[in-house]
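The structure under discussion appears below in the form of structure tokens.
Convention: sequence-line order gives letters A, B, ...; per-chain numbering from 1. Remember, it's a predicted structure, so these values are computed and weren't measured experimentally.
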Amino acid sequence: MTQIRVRFAPSPTGMFHIGSARTALFNWLYARHCNGVFILRIEDTDRDRNTDEALKLILHCLTWLGLNWDEGPEAGGAYGPYFQSQRGQIYAEHVEQLKAAGRAYEKDGAVWFRVSGQPQEIHDQIRGKVVRLEPKDFVIVRSNGSPGFHFVNVVDDLTMSVTHVIRGEDHLSNTSKHIELFKALDAPIPRYAHIPLILKHHGPGKMSKRDEGFLVADYERRLFLPEALRNYICLLGWSPKDEQEVMDIDEIIERFDFPGINKDGARFDERKLSFINAEYLRKLPVKLLSEAARPVLEQKLDLSHVETAYFHSVLDLCQEKLRSIDDIYAYLGYFFEEDFSYGEQAGRKLRSTGDPCARIRELWSSLAELPDFSDETAVEGTVKRLAAENDRYTGEYIHSARYALSGMNAGPSFYGLLRVLGRDRTCVRFDRFLKLSERKEAG
RNA sequence: GUCCCGUUCGUCUAGCCAGGCCCAGGACACAGGGUUUUCAUCCCUGCAACAGGGGUUCAAAUCCCCUACGGGACGCCA
């Protein structure tokens, strides 16, 4: 059985976007599913528009998404070079072959391909049989000497022994050109699979430069987990056909195949991506979460004196409720700074329904009985007993204390908060809150 | 304009090839309720779709035709 060989062939002319990522991903998935080879080929025939920066971005984004390539830039391989700008000799030979066969001719300084006039059958793995007549001759070598896209694409697929061409549906109409070229070169035709396009979330047309969320690099900057973005993109145009959505990549690889790919375009929905990102965040081992969180927090805080054990216990406590790494400071920054600010709105609401300072004084005198706060059950018992003795809701104590300790009315479980903060920090924060409140009343 | 592809809840989709199990299932989002007397977790409930019209059939989301709508391609761009 011949080995499956697929390729992703971007041109380094601009930004690396979600659509490119999805094409790369589907090629990569198919290669991994079949134990085949995933080739990265750089289509840099347009001399004026190529930039080195764009190339670096492509390599970086693919790596970030975990889409490793078996052959291509930095990886090497037996079918190189993998830059079209370095394959001039190969193209020249194939132009000669076409000319010798009477299928290419010169006109206006360019080389043109002579179409057959016969409708071509495209046996698409996703769409079935598509028939299209290529109506007119087209340029394969420009008058400036550089070979054109359709020609180099075919010659490379041929000389790199590509078995399956998986690409966007925008190329479906071009495929009749490509099949004509393969036939004229007396070469076998690869199997085609045209995947649906990603449409913009609002309004008509496919996703484009002007759309929010278009660039892969933006998701990296906004600290989305690459595994989450990858999982979400898998679900855009492909379905495992059951109710699984959040899946390990190995499971996706095992289940990915052409019959699971849809025919119509899909709209990108960042809300669902955020949901999946949060799912991944919750499943992340605490050690990895800590590594991801640290640099983000360090932009706002000095963590040099924070003990590792404390740092981990904070993240462990808060992990189940985190929605993104990006807003991690807002959610749990107060654990690491004593001069955190108190939210105005939450404070107003609290004072309107009771006397937080009085509750905190009562709570502290009860908690003073405990040697420490490590036993959440014991702390909970103490708080509930206190509430019962004073004929109050437990919530009055909890809400007041949470606000005094964090400045917020949202956060992890209260008893977990006390356990992680510990007796000493709790004492310090209660004191600070009481002093600030007295000053506020006096002034 | 010509050619090609498509059309199930607001969004992603299951079901369609092999018609009955579908007055259409799941997920996100949204709304309501509950738990943890916090909340951004979690649980429950609700809302909401077969583009339209003709056939074929005892029976159509599923097969056929037409229309409408959406997308794409028609470059010496890739």
Side-chain angles (χ1 to χ4, degrees), chain A residues 9-14 20 43-46 48-50 84 107-112 119 122 124 126-128 130-136 138-150 152-153 167-177 194 196-197 199 201-202 204-206 232 235-246 259-260 262-276 278-279 281-282 318-324 327 330-331 346 350 383-384 387 393-403 406 408-417:
Chain A
S11 57
T13 56
S20 302
E43 305 219 334
D44 54 349
T45 57
D46 188 352
D48 298 336
R49 292 168 61 201
N50 295 315
Q84 290 184 332
K107 189 179 91 179
D108 304 329
V111 181
W112 294 69
I122 304 161
D124 195 274
I126 295 165
R127 280 148 217 288
V130 176
V131 179
R132 186 174 187 276
L133 171 74
E134 188 56 39
K136 54 181 194 281
F138 55 93
V139 168
I140 55 175
V141 182
R142 303 181 186 100
S143 52
N144 71 3
S146 67
F149 164 74
H150 299 295
V152 294
N153 196 267
R167 54 171 29 163
E169 192 193 347
D170 48 342
H171 285 297
L172 184 56
S173 300
N174 290 328
T175 307
S176 46
K177 286 189 181 72
H194 287 93
L197 267 20
L199 276 19
H201 186 56
H202 299 290
K206 61 176 175 175
Y232 175 65
L235 264 21
L236 234 40
W238 173 79
S239 162
K241 305 292 186 194
D242 60 18
E243 286 161 20
Q244 291 287 319
E245 289 197 322
V246 178
N262 294 112
K263 296 183 181 72
D264 55 321
R267 290 178 195 276
F268 191 89
D269 183 359
E270 193 173 306
R271 291 174 304 185
K272 185 140 188 178
L273 167 61
S274 292
F275 167 80
I276 289 174
E279 290 277 298
L281 208 51
R282 275 177 228 121
C318 298
Q319 180 170 25
E320 65 170 354
K321 294 191 179 173
L322 275 180
R323 285 194 64 85
S324 77
D327 58 6
Y331 192 67
L350 197 60
V383 175
K384 288 194 167 159
Y393 292 112
T394 317
E396 288 189 63
Y397 292 98
I398 291 177
H399 298 160
S400 301
R402 176 189 300 284
Y403 185 67
S406 71
M408 308 207 297
N409 62 357
S413 106
F414 179 65
Y415 306 108
L417 172 65

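The same atom, C1', is picked in B/C47 and in B/G32; the two are 10 Å apart, to the nearest Å. If you take atom C1' in B/C58 and the same atom in B/G52, they sit 26 Å apart, rounded to whole Å. Atom C1' of B/A14 sits at a distance of 11 Å from the matching atom of B/C22, rounded to the whole Å. Annotation: B/A51 and B/G46 have their P atoms spaced 25 Å apart (nearest Å). B/G34 and B/C69: their C1' atoms are spaced 44 Å apart (whole Å). Separating the P atom of B/A40 from that of B/G6 is a span of 44 Å, rounded to the nearest Å. As rounded to the nearest Å, B/U11 and B/G70 have C1' atoms that lie 16 Å from one another. Distance noted for atom P between B/C21 and B/A31: 35 Å (whole Å).
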Give the C-alpha distance, both sets of side-chain angles, the deciding distance and a yes or no for side chain to side chain donor-acceptor pair (under 3.5 Å) between A/Arg167 and A/His194. CA-CA 5 Å; A/Arg167 54 171 29 163; A/His194 287 93; 3.2 Å; yes
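A/Pro240 places a side-chain heavy atom less than 4.5 Å from the side chain of A/Trp238. Between A/Cys318 and A/Pro412 there is a side-chain heavy-atom pair separated by less than 4.5 Å.
Each of A/Leu236 and A/Gly148 has a nearest nucleotide on RNA chain B; the 5'-most of these lies closest to A/Leu236. Of the two residues near RNA chain B, A/Ala330 and A/Ser239, the one whose nearest nucleotide lies more 5' is A/Ser239.
Scanning for salt bridge (charged side-chain N to carboxylate O under 4.0 Å, His left out) contacts around A/Arg282 gives A/Glu279, with sequence neighbours left out. Scored by the salt bridge (charged side-chain N to carboxylate O under 4.0 Å, His left out) test, A/Asp124 finds no partners at all (sequence neighbours excluded). Contacts of A/Lys272 classified as salt bridge (charged side-chain N to carboxylate O under 4.0 Å, His left out), with partners at least two apart in sequence or in another chain: A/Glu245. A search for salt bridge (charged side-chain N to carboxylate O under 4.0 Å, His left out) contacts involving A/Asp108 returns nothing, not counting sequence neighbours.
Of all nucleotides present, only B/G46 satisfies the Watson-Crick or G-U wobble test against B/C30, with each distance under 3.5 Å. The base-pairing partner of B/A40, taking Watson-Crick or G-U wobble contacts with both distances under 3.5 Å, does not exist among the strands shown. Figure legend. B/C21 is base-paired to no nucleotide; pairs are counted as Watson-Crick or G-U wobble with both atom distances under 3.5 Å. With a 3.5 Å ceiling on both atom-pair distances, B/U56 lacks any Watson-Crick or G-U wobble partner. Pair assignment for B/C3 gives B/G72, based on Watson-Crick or G-U wobble hydrogen-bonding distances that are each under 3.5 Å.
A salt bridge does not link A/Glu169 to A/Lys263: none of the charged nitrogens lies less than 4.0 Å from a carboxylate oxygen. Salt bridge annotation for A/Arg132-A/Glu134: present, with a cationic side-chain nitrogen under 4.0 angstrom from a carboxylate oxygen.
Nucleic acid contact class of A/Val111 (heavy atoms, under 4.0 Å, all strands): none. Across all strands shown, A/Glu243 has heavy atoms under 4.0 Å from sugar-phosphate atoms exclusively, and none from any base. At the heavy-atom level, A/Ala266 lies under 4.0 Å from the strands shown only through sugar-phosphate atoms. Residue contacts shown for A/Gly237 are limited to sugar-phosphate atoms, with no base heavy atom under 4.0 Å away.
We find that NE2 of A/His194 is positioned 12 Å from P of B/C5, with the value rounded to whole Å. Regarding A/Leu350, its CG atom lies at a distance of 12 Å from the P atom of B/C39, rounded to whole Å. Atom CZ in A/Arg127 sits about 16 Å away from atom C1' in B/C17, given to the nearest Å. We find that CZ of A/Phe138 is positioned 15 Å from C1' of B/C77, with the value rounded to whole Å. We find that CG of A/Asn50 is positioned 10 Å from C1' of B/A78, with the value rounded to whole Å. Between the C1' atom of B/A29 and the CZ atom of A/Phe268 lies a distance of 15 Å, rounded to the nearest Å. Nucleotide B/C4 holds its C1' atom 15 Å from the NZ atom of A/Lys263, rounded to whole Å. As rounded to whole Å, 8 Å separates atom C1' of B/C42 from atom CD of A/Glu320.
Between A/Tyr232 and A/Phe268, a ring centre-to-centre spacing shorter than 6.0 Å is recorded. Checked against a 6.0 Å centroid threshold, the rings of A/Tyr393 and A/His399 do not count as neighbours.
Remark: the A/Lys272 side chain and the B/A27 base include a donor-acceptor N/O pair separated by less than 3.5 Å.
A/Lys177 forms a cation-pi arrangement with A/Phe138, by the criterion of a distance under 6.0 Å to the ring centre and an angle within 45° of the ring axis.
Between B/A40, B/G26, B/C76, one nucleotide has an atom nearer to the side chain of A/Tyr331 than all others, and that is B/A40. Side-chain atoms of A/Lys241 lie closest to B/G15 of the nucleotides B/G15, B/G10, B/A40. The side chain of A/Phe275 has B/C28 as its nearest neighbour among B/G26, B/U8, B/C28.
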Taking N or O atoms only and anything under 3.5 Å, show me the protein contacts with nucleotides 34-37 of chain B, one pair per line.
from	atom 1	to	atom 2	distance (Å)
B/U37	O2'	A/His399	NE2	3.2
B/U37	O4	A/Thr394	N	2.7
B/U37	O4	A/Thr394	OG1	3.1

Write down the protein N/O and nucleotide N/O pairs, taken from nucleotides 63-74 of chain B, whose separation is under 3.5 Å; answer none if there are no such pairs.
from	atom 1	to	atom 2	distance (Å)
B/G71	OP1	A/Gly205	N	3.0
B/G72	OP1	A/Lys206	N	3.4
B/G72	N2	A/Ser173	OG	3.3
B/C74	O2'	A/Lys136	NZ	3.3

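Taking side-chain N and O atoms only, A/Thr45 has a distance below 4.0 Å to OP1 or OP2 of B/A78. Distances shown here put a side-chain N or O of A/Asn262 below 4.0 Å from the OP1 or OP2 atom of B/A14. Note on A/Arg282: a side-chain N or O is less than 4.0 Å away from OP1 or OP2 of B/C42.
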